[in-house]
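Here is the structure we will look at, set down as structure tokens.
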Amino acid sequence: MGLISEVLLLPFAPVRGSAWVIGQVLHEAERIYYDPSTIRAELARLEEQLEAGEITEEEFDRREDELLDRLETAMGSGETTGNGTGI
């Protein structure tokens, strides 16, 4: 049965391969997005922008809340190590 289904599904191999690649790219993007070290670096950049007068206090508060929510999610998932490797 396995051989027959593989032969019949062979025309769909590029679609299955593309779906796998898209899934891998999405997984890696999420890993980077929720990496605590990345979020901490973004928080530091955000504070620098506030001190330089590039953003308002309101903008800082809004973006800081978003980053802290991401950090809380990342720390709760336990999938990353916090050293930027995700391993």
Check your understanding: Going by heavy atoms in the side chains, are Glu47 and Leu43 under 4.5 Å from each other?
Key -> no
Study note, to complete from the structure: For Glu42, the side chain to side chain donor-acceptor pair (under 3.5 Å) test, sequence neighbours excluded, returns Arg70
Check your understanding: Honestly curious: do Ile32 and Ile39 fall in one hydrophobic cluster under the side-chain, below-4.5 Å linking rule?
Key -> no
Point to revise | Between CD on residue Gln24 and NE2 on residue His27, distance to nearest 0.5 Å | key: 7.0 Å
Point to revise | side-chain contact (heavy atoms from CB on, under 4.5 Å) between Ile55 and Leu46, worked out | key: CA-CA 8 Å; Ile55 60 173; Leu46 188 61; 3.5 Å; yes
Side-chain donor/acceptor pairs under 3.5 Å, residues 10-22, sequence neighbours excluded:
| from | atom 1 | to | atom 2 | distance (Å) |
| --- | --- | --- | --- | --- |
| Ser18 | OG | Pro14 | O | 2.9 |

**Study point:** Residue pairs passing the salt bridge (charged side-chain N to carboxylate O under 4.0 Å, His left out) test where at least one lies in residues 48-59, sequence neighbours excluded
**Key:** Glu59-Arg62, Glu59-Arg63
Check your understanding: Stepwise, does the side-chain contact (heavy atoms from CB on, under 4.5 Å) test hold for Thr73 with Tyr34?
Key -> CA-CA 7 Å; Thr73 301; Tyr34 288 110; 3.8 Å; yes
Practice item. Please check if Leu50 and Leu68 belong to a single hydrophobic cluster, counting links between Ile, Leu, Val, Met, Phe, Trp and Tyr side chain heavy atoms closer than 4.5 Å. Key: yes
